[in-house]
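Just so we're on the same page: letters track the sequence lines, and every chain starts at 1. Computed from a predicted structure; not experimentally measured.
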Amino acid sequence: MGLDKTPDLGAIEERARQLWEDTGIYRFDPDAPGEIYSIDTPPPYVSAAHLHVGHAMSYSQAEFIVRYQRMRGRNVFYPMGFDDNGLPTERFVEKKYGINKARTTRSEFRELCLKETGEIAIGYERFWRKLGLSVDWRLRYSTIDDHCRRTSQLSFLDLHAKGRVYRSEEPVFWDPSMQTALAQADLETITRTSTLHDIAFRAPDGRDLVISTTRPELIPSCVALYFNPTDERYQSLAGGRALVPVAGHEVPILSDDDVKIDYGTGLMMVCTFGDGADVQRWKRDGLELRLGVDAAGKMTDVAGAYAGLDTDAARKRILADLEAAGALRGSKKIEQQVAVSERTQRPTEFQMKPHWYIRVLDLTDELLARSVELNWHPDYMKVRLDAWIEGLKYDWNITRQRFYGVPFPVWYCDGCGAVVLATEDELPVDPLESSPVTPCPKCGGTAFVGDPDVMDTWMTSSLTPHINANWAHSPDRPPPAPLPMTLRVQAYEIIRTWLFYTLVKSHLHDNTLPWTDVMMSGWGLNEQGKKFSKRDLESKKEGQFNKYDPEDVIDKYGADALRFWAAGSHLGHDLRYHEEDVKVGRKLVLKLWNVARLVEQYAPDFDPSTIVSIAQRTPEDRWIVGQLERLLPVVARGFDTYDYAIARDALDHFFWAEFCDDYIELVKDRFWTEDSYTDAERASARSTLWEVLRTLLGLYAPFLPFVTEELYQYMYAAHEDALSIHVTRWPDAPAALTPEVPEIETLRVLLQAVRSERTRTRLPQGRPLTELVVDADEPATRATLEAMTQSLAAAARARSIRFGSAATETQLPGLRIDIVPEEKAEAS
RNA sequence: AGGCCCGUAGCUCAGUUGGUCAGAGCACCGCCCUUACAAGGCGGGUGUCGCCGGUUCGAGCCCGGCCGGGCCUACCA
């Protein structure tokens with residue numbers, strides 16, 4: 001019996017996990033008492049090779065709140081999903097199995113993806129359990145599973161029924177290397193060096209019209225020239241036409257307020273399509289379509305002699321031809337911002353494709369109102385969403401030309417081209433592998449072509465609340481939580497995507513917010529303050545410790561220690577990872593453990609029914625209880641505002657400085673020198689030690705779920721009726737606080753001064769003093785200290801206390817001390 | 001170029017509404033194997049609070065302008 005001198009963290013963690021599993025305390029029961037507290041967790045991509053400690057950080061931060069709310073009596077719904085939708089998975093599987101997509105059906109391919117990602121997800125789940133996430137694993141979902149495909153397709157049907165979905169052939173952002181369309185949110189802007197060429201067109205009167213462009217290969221695709229209407233140099237050209245060099249066709253000359261007079265020559269060309277501005281002018285002014293680049297990034301027939309070349313080759317050729325024709329008037333290097341595909345970093349082109357869109361541009365005001373409704377933590381993150389909403393320029397293009405993904409539940413009638421939608425009870429459906437159950441409602445035809453495209457992955461990710469709520473009524477799902485959910489947890493860089501799209505979906509489907517609160521975590525960064533890179537993890541060799549691998553870190557220092565590190569940055573702020581900080585976490589775990597050993601030693605087999613009332617306790621005991629009571633609202637406020645770091649800081653300070661360093665040191669003497677104290681004083685100490693440790697375990701439980709569980713089970717569970725500390729009541733301060741005991745503060749100052757003097761005079765802390773001289777100017781202070789001579793002498797390790805004249809100042813004005821070491825006293 | 005966040009000790013970070021606000025932990029140095037803990041205890045801050053102005057009796061905090069970093073936005077051809 002008795003706690004081991006050194007805890008076996010691995011065994012403790014395993015025991016706790018087993019207990020949680022056996023008792024099912026994290027399983028959601030819709031009928032359980034308490035207000036429902038539901039969490040919309042980010043489904044991590046499972047195609048990535050490794051998790052890093054940054055993942056541990058952000059998921060831990062959310063989990064602190066979850067555990068706190070559970071102890072607050074909320075009925076917690078805490079699911080976890082995995083994102084195995086999308087391109088990384090597709091590429092991974094394609095490569096691994098050497099798939100020829102022409103000979104594989106979507107469903108066969110999907111099965112392989114599910115198999116692969118399922119295996120990776122098992123490893124992920126194992127890790128999340130190891131980290132101590134209190135997830136109800138029955139709620140696990142996969143974004144490509146039947147339930148999620150059904151939910152996504154139902155979302156499409158519902159939005160279609162509501163008139164929110166439309167199909168249109170328009171210029172779409174296009175990634176030529178992936179050969180798929182992209183949405184506005186899939187783009188990034190990079191800065192690169194480019195060459196701006198001055199090229200002469202020809203006016204009808206034969207004069208040169210020089211424009212500047214970085215993309216001369218699009219000259220055959222030129223459909224107009226533009227100038228600013230206030231630019232006197234070109235006003236006479238309005239309504240006229242210009243001859244395009246080399247290509248030889250004519251284009252209209254138009255004006256536009258947005259043309260910068262001082263850029264280049266003030267005259268510009270518009271092509272179909274060089275950039276988004278071209279698209280806008282093309283649409284607005286009804287320009288001709290001369291698509292110059294095809295889906296694979298090669299020049300089209302429009303490019304004449306350059307057809308079939310890729311854009312770079314065409315650019316070189318046409319520059320040479322322009323030069324030969326005397327149309328190239330100059331070239332210079334410039335810094336240029338260019339839109340690239342976020343995933344491939346390739347500059348985007350435009351393609352004309354029939355695509356499905358969700359109309360969102362008219363929702364700006366409504367979405368901004370939703371943003372106001374939402375409780376943002378931290379609140380300044382709100383402006384990021386608002387800025388995105390206000391900057392929207394395009395409806396949401398939900399079509400992607402990928403093989404793998406959620407198909408559209410759509411067929412096109414072979415006879416009349418009518419769109420035929422699947423019915424709800426057919427979902428999930430793959431239109432390439434099945435047909436409508438009824439003939440075409442328009443022409444009665446029975447031949448159909450399934451829509452070959454798949455949905456943008458955000459079509460699914462934006463539905464995580466609906467997936468969790470089983471909005472689609474999929475069979476065999478565990479009990480769902482109602483919508484809206486309580487909390488969304490995510491990092492700030494995907495506000496414009498995940499948060500925005502989720503908001504759109506809930507607004508359109510349910511006319512509500514998806515959740516009431518949102519909590520933004522920052523990023524875990526490596527020691528250099530950079531994002532974790534593949535290299536940070538790839539250096540890992542089998543069986544070798546990698547400081548960024550969270551499983552390795554847990555094996556070495558314990559899960560509680562890693563979680564402790566995660567609590568080190570304020571909400572929404574990035575946190576650099578240092579192994580040293582995890583060691584501090586382990587130190588805390590060991591300290592708690594040793595305090596428990598001390599309590600066990602001084603208060604063995606404590607019977608809570610014999611607890612001494614606060615009023616009956618000694619000043620030291622009333623002091624620490626009063627301090628603890630004053631700590632409670634600080635910790636609670638931290639958790640209530642999602643600022644777990646405030647909670648941790650306050651808790652750590654109380655535990656280390658007040659409880660361990662001072663209170664325990666003060667109280668020890670009662671058990672060491674029996675004769676100097678009464679049994680009542682010892683009983684008071686036992687009650688206090690027992691009680692304060694119990695409260696501390698509760699307060700630390702959200703951060704350190706393992707060690708607190710172990711100690712709770714060992715010392716307290718038998719006296720309470722809870723299965724686990726994690727379902728015990730959160731400690732609240734009593735209505736009437738225990739009065740503060742200021743004399744103990746004076747005592748602490750005095751002890752600090754004694755310790756400091758010992759250091760200064762190189763006197764070991766443990767060596768007894770013959771005498772401690774205390775000099776207090778204030779009679780009240782002196783009287784207070786005189787009443788506590790016993791404790792003071794014991795804690796200062798002084799054989800006697802004398803009140804007289806002393807010279808060493810303490811931190812308290814008017815209070816001085818002197819110490820008389822043994823040898824010196826004997827000599828005098 | 002614009003928006004938001006950040007810049008405090010060697011490192012990671014606290015510093016509510018301007019008035020013991022120059023702080024914590026780590027690291028480092030010194031002493032101590034004192035009966036919970038040497039994977040420990042005790043003591044020690046080592047600083048131009050990014051820079052320059054302004055408001056104020058008083059600025060790490062408020063205002064303006066710079067510099068540096070991050071995230072996001074942007075059609076400059």
Side-chain angles (χ1 to χ4, degrees), chain A residues 3 5-7 184 187-189 194 196-197 211-215 218 226 258-260 262-271 273-281 334 336-339 378 380-388 390-391 393 491-496 522-523 525 527 529-531 557 565 568-570 572-581 583-584 586-602 645-646 649-650 652-653 656-657 660-661 664-665 668 671-672 689 751-752 754-768 797 811:
Chain A
L3 293 168
K5 188 168 159 66
T6 306
Q184 189 181 348
L187 306 180
E188 257 178 34
T189 308
S194 186
L196 187 66
H197 304 281
I211 59 102
S212 302
T213 181
T214 54
R215 301 203 60 186
L218 289 179
Y226 278 83
D258 289 341
V259 176
K260 301 238 181 339
D262 53 0
Y263 189 93
T265 59
L267 194 63
M268 67 176 293
M269 74 165 178
V270 165
C271 312
F273 297 98
D275 59 25
D278 286 352
V279 173
Q280 285 181 1
R281 295 194 176 102
I334 57 160
Q336 184 194 27
Q337 328 291 323
V338 55
Y380 56 75
M381 292 292 183
K382 174 176 178 291
V383 299
R384 295 184 176 218
L385 177 67
D386 294 352
W388 172 255
E390 284 162 5
K393 287 193 170 58
Y492 47 76
E493 87 284 7
I494 51 175
I495 289 175
R496 65 171 183 170
W523 291 350
L525 303 174
E527 274 138 322
K530 300 289 177 197
K531 283 197 221 180
Y557 299 109
W565 163 72
S569 84
H570 281 261
H573 288 197
D574 299 343
L575 180 62
R576 287 195 196 192
Y577 177 78
H578 290 281
E579 198 177 337
E580 292 305 313
D581 297 331
K583 290 184 187 172
V584 177
R586 185 184 53 179
K587 201 172 128 181
L588 170 64
V589 169
L590 296 178
K591 192 75 172 176
L592 269 171
W593 184 264
N594 282 307
V595 167
R597 291 182 62 218
L598 175 135
V599 173
E600 185 186 33
Q601 181 187 322
Y602 291 151
I646 286 179
D649 287 350
D652 282 347
H653 181 262
W656 287 98
C660 292
D661 295 352
I664 287 181
E665 291 310 312
K668 276 176 178 172
F671 300 98
W672 289 356
L689 286 168
L751 290 176
Q752 164 75 29
V754 171
R755 287 170 184 160
S756 190
E757 268 303 281
R758 283 176 180 273
T759 298
R760 195 181 62 79
T761 60
R762 297 183 162 270
L763 187 68
Q765 299 290 343
R767 190 167 306 166
R797 294 201 162 83
Q811 289 172 10

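With centroids closer than 5.5 Å and planes inclined by less than 30 degrees as the test, W672(A) and the base of rU35(B) pass as a stacked pair.
By the ring-ring contact (aromatic ring centres under 6.0 Å, His included) test, Y492(A) pairs with W523(A), sequence neighbours left out. N594(A) meets the side-chain hydrogen bond (donor to acceptor under 3.5 Å, both in side chains) test with R597(A); sequence neighbours excluded. For K260(A), the side chain to side chain contact (heavy atoms under 4.5 Å, CB included) test picks out D262(A), Y263(A), with sequence neighbours left out. Residues forming a side chain to side chain contact (heavy atoms under 4.5 Å, CB included) with Q336(A) (at least two apart in sequence, or on another chain): R192(A), S194(A), T214(A), I334(A).
Within the nucleic acid shown, E757(A) has no heavy atom closer than 4.0 Å to any nucleic acid atom. Among the heavy atoms of the strands, none lies under 4.0 Å from E527(A). The residue Y602(A) sits close only to the backbone: its heavy atoms come under 4.0 Å of sugar-phosphate atoms, none of a base. In this structure, W656(A) reaches the sugar-phosphate backbone alone: every heavy-atom distance under 4.0 Å involves primed, P, OP1 or OP2 atoms, never a base. Across all strands shown, D278(A) has no heavy atoms under 4.0 Å from either base or sugar-phosphate atoms. I495(A) comes within 4.0 angstrom of no nucleic acid atom, judged by non-hydrogen atoms across all strands.
Taking only side-chain nitrogens and oxygens, Q765(A) never comes nearer than 4.0 Å to OP1 or OP2 of rC32(B). Taking 4.0 angstrom as the limit, K5(A) places a side-chain polar atom (N or O) nearer than this to OP1 or OP2 of rA38(B). The phosphate of rG40(B) has neither OP1 nor OP2 within less than 4.0 Å of any side-chain N or O from K591(A). Checking the phosphate oxygens (OP1, OP2) of rC76(B), no side-chain nitrogen or oxygen of Q280(A) falls inside 4.0 Å. Dashed line: the shortest gap from a side-chain N or O of R586(A) to OP1 or OP2 of rA39(B) is not under 4.0 Å.
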With the criterion being N/O to N/O and under 3.5 Å, what pairs connect the protein with nucleotides 25-27 of chain B, and how long is each?
from: rC26(B); atom 1: OP1; to: K587(A); atom 2: NZ; distance (Å): 2.7

Could you list the protein-to-nucleotides 4-10 of chain B atom pairs, N/O on both sides, closer than 3.5 Å?
from: rC4(B); atom 1: O2; to: R384(A); atom 2: NH2; distance (Å): 3.2

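One C1' atom belongs to rC61(B), the other to rU56(B), and the distance between them is 13 Å to the nearest Å. When the P atom is used for both rA9(B) and rA24(B), the distance is 14 Å, rounded to whole Å. Comparing the C1' positions of rG60(B) and rC13(B) gives a spacing of 15 Å, expressed to the nearest Å. For rG44(B) and rG23(B), the C1' atoms lie 15 Å apart once the distance is rounded to whole Å.
In terms of position along RNA chain B, the nucleotide closest to D574(A) lies nearer the 5' end than the nucleotide closest to the other residue of the pair D574(A) and Q752(A). Sequence order on RNA chain B of the closest nucleotides to W565(A) and V595(A) puts W565(A) first from the 5' end.
In this entry rG64(B) has rC52(B) as its Watson-Crick or G-U wobble partner, both defining distances falling under 3.5 Å. Base pairing of rC4(B) is made with rG70(B), judged by Watson-Crick or G-U wobble geometry with both donor-acceptor distances under 3.5 Å. The partner of rG58(B) is absent, by the rule that a Watson-Crick or G-U pair needs both atom distances under 3.5 Å.
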